Visitor: 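Shown below is the structure under consideration.
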Amino acid sequence: MINNTKTTANSKFATQKRGLQLDTPIQYVKGVGPKLSEVLNRRGIKTVVDLLEVFPRTYEDRRAGITINQLQDGQLVSLKAQIIKVQSISLGRSTRKIFDITLKDSTGIIHCKFFRVPYKGYFERFKPLQEIRVVGKVANYHGRLEFNHPDLRDIDPGEEMQDEIIPIYIEMDGISSFKWQKIIKTILMELSKNIEVKTFDKIPASIKKKYQLLDYFKALNEIHQPPKSQFDLFLKNQSESHRRHIFEEFFFLEAFLAAKKLSVKKETTTKIENSTVLEKKVKQNLPFQLTQGQLKALEEIKLDLISGHPMHRLVQGDVGCGKTMVAFLGACQVIEANHQVCMMVPTEILAEQHLKNALKFVAPAGVRVQILSGKTKNSERKEILAKLQAGEIDLLIGTHALIEEDVIFKNLALVIIDEQHRFGVNQRISLLKKGVHPHFLLMTATPIPRTLAMTAFGDLDITIINELPPGRSAIQTRVAYQSKRIQALDFLAEQIKKGRQGYMVFPLVEESEKMDLKNATDEFEKLKLQFPQIRWGLLHGKMKPQEKEEVMHNFRGHQFDVLVSTTVIEVGVDVPNANIMLIEHSERFGLSQLHQLRGRVGRGEYKSFCILLMGQAVSLEARERVNFMETTTDGFKLAEFDLELRGPGEFLGTKQSGLVGFKLADLVKNQDLLLEAREAAFQLITSDPTLKLPENQFVLKYIRDKEGKDFG
Ligand code: ADP
Ligand code: MG
């Protein structure tokens, strides 16, 4: 305790002597007491620079000249106007009221709506003809602009409206935007006297010059206090100051990815010669020809394997494009060279399905295939582990169970992860550690928009299979309201009568009290009564793995017709005779998820259908989203649309989404800058791989820190 006080006093002394610096701990900032600094520290805001990089979320437009006819939807403004009318409107027969204050200026009229009374007597303050200042966000209500719950302020006599735009910060832990403003302003003033700070920069000088980037402090200063001449650009977050800081965020992340990629490329590993026997044998077993897309992917994999450096490749391909076979043929290369392969998948169902295919197509060529999952019996497991260690298993397929410590390979040379977005970084790493620099093949059926792939998987080589096997008929998609549900079910019944099978998907398993959502279990019972001629089956996530497998087995064997299920069928399930899918409450799903679900049909020769049922009272945004499903079956297009609407979180597993937690950058809006920053970063890492140049010291530090965080 005593020690502590002493150091604090010392650094306080130091701070006073040197003045405020970028790395000064925040408790020495004026206006930040011990209590506040503790709160901020918990948020990771520890130094002055951390504080300054709390960027404004938006700006409040307080330009004096602004008038009602200039207002735009979503704009945050401060506006001088005159009250015309103050009224309360009753809502139907209820006792609830809406308060409406109508305002005008020389250019038009606008309403301010209040759905509750801020405090007793609030509205009595306002009288017609009174001049006031409205501060609030412009909203669009059925095509008409209005304010909802704006802040109404009296105008001081003689008040001159300042021409300014005010930065607005996200309120956190009770720290108001105003408080942020004050603290940050104080710091900026203090720092602007400091020449050291003004010339400081983390971005290497050569890159600053090449990409014409503003100085660090100048840009930062302007973002918090926009210069008058550029208000319009700042209001749109399109100033050069924004550009600089967005570039910086992208640049450092890309440099990290570039370095990671380079370090993998530097590792050496066994060269895997291209297979001459196994691949041919397996191909002869196939009842189909590989598509061009599959062949190209396989060629890329073979080149990686023979390179002598570990492959780190992500194969992206729409549902049903045949990634499994590509993976198997890749595995054959390694197995022929007398090494082992493991393949991890997220669910038991998928593991079983892959095993079945491997037994059918790969095992006859002499490959020893085995499955290991959570449900493998103990005695059997022991036997498998012994064989694995003795090198008597070539291809081990399994779930998370593969990660267990006692799963030891004799010579694992290829790790395949299917539906990789279902796994976290640590799970992947644990599996990789089971070999010595093994080759690494990731597969995903979630098409990821390019910009996102560049940030989340920028360290991987990417193969895209953009072709489906021939003979798949397009899936016809229709959106239907709940009121058309019975027709949709009749249509399903018709298909079943023709000998087809179908899926009916629900968003939830159990009764949800608050919402009127249908759930799989209840509806399953009802549907059985309603359509006794159909044989119904049920599958949901709460079932035991063994039960699930049995249901899937029976569905595949056509022992029943329609599978009522939750999203557990989402990944990878393949039953070609199923040609129709009904999705209940489709508005509850993201587009990429709907696309995954829809990919369960259209896998055979039959014309396929997907009916998206939707509640009557869904938001316009949700309706728009679901309707988009009708327009395309291109997973990438859907993914782009989803990214714009719902942000990157949808695409990445929880562990990975941390990668894209930008402060200012926006992956959708700043795509061009991302490309520039990526180019700059990769060039830098190529030209100075060890980052020994002094101007690259901050890049080096960033990479070290991040490595420590991710893998420490
Ligand atoms: P995904 O890429 O979604 O993982 P799968 O590997 O499950 O797709 O393949 C979907 C279905 O297509 C499987 O039944 C598989 O046997 C079949 N298939 C794979 N490649 C071809 C091909 N070239 N021609 C015809 N069918 C194929
Ligand atoms: Mg698959």
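Quantities reported herein were computed from a predicted structural model and do not represent experimental measurements. All ligand and atom numbering here is 1-based and tracks the order in the structure.
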Visitor: Should you measure from each heavy atom of R603, which atoms of ligand 1 turn up under 4.0 Å away?
Guide: 3 (O), 7 (O), 10 (C)
Visitor: Distance-only check: which donor-acceptor pairs under 3.5 Å involve side-chain atoms of residues 355-366, not counting sequence neighbours?
Guide:
residue : atom : partner : partner atom : Å
N357    : ND2  : Q353    : O            : 3.4

Visitor: If we set the cut-off at 4.0 Å for heavy atoms, which region of Q289 has an atom near ligand 1: side chain, backbone, both, or neither?
Guide: backbone
Visitor: Applying a strict 4.0 Å limit to heavy atoms, is G320 in contact with ligand 1?
Guide: yes
Visitor: Go through the side-chain N and O atoms of D459 and H312 and say whether any donor and acceptor fall under 3.5 Å apart.
Guide: no
Visitor: Do ligand 1 and K323 have nitrogen or oxygen atoms that lie under 3.5 Å from each other?
Guide: yes
Visitor: Given T444, T324, N357, which one has a non-hydrogen atom that is nearest to atom 6 (O) of ligand 1?
Guide: T324
Visitor: Quick check: does G322 get an N/O under 3.5 Å from an N/O on ligand 1?
Guide: yes
Visitor: Can you find a side-chain donor-acceptor pair between Q559 and R535 that sits under 3.5 Å?
Guide: no
Visitor: Taking only residues two or more places apart in sequence or in another chain, which ones pass side-chain hydrogen bond (donor to acceptor under 3.5 Å, both in side chains) with T444?
Guide: H421
Visitor: With heavy atoms of L290 as the reference, note each atom of ligand 1 found under 4.0 Å away.
Guide: 23 (N)
Visitor: If you count the atoms of ligand 1 from 1 in the order shown, which ones are under 4.0 Å from a heavy atom of T291?
Guide: 23 (N)
Visitor: So is R625 actually on top of F641's ring, under 6.0 Å and inside 45° of the axis?
Guide: no
Visitor: With the threshold set at under 4.0 angstrom, would you say C321 reaches ligand 1 through any of its heavy atoms?
Guide: yes
Visitor: Under 3.5 Å, is there a donor-acceptor pair between the E336 and T276 side chains?
Guide: yes
Visitor: Does a donor on one side chain sit under 3.5 Å from an acceptor on the other, for N579 and Q501?
Guide: no
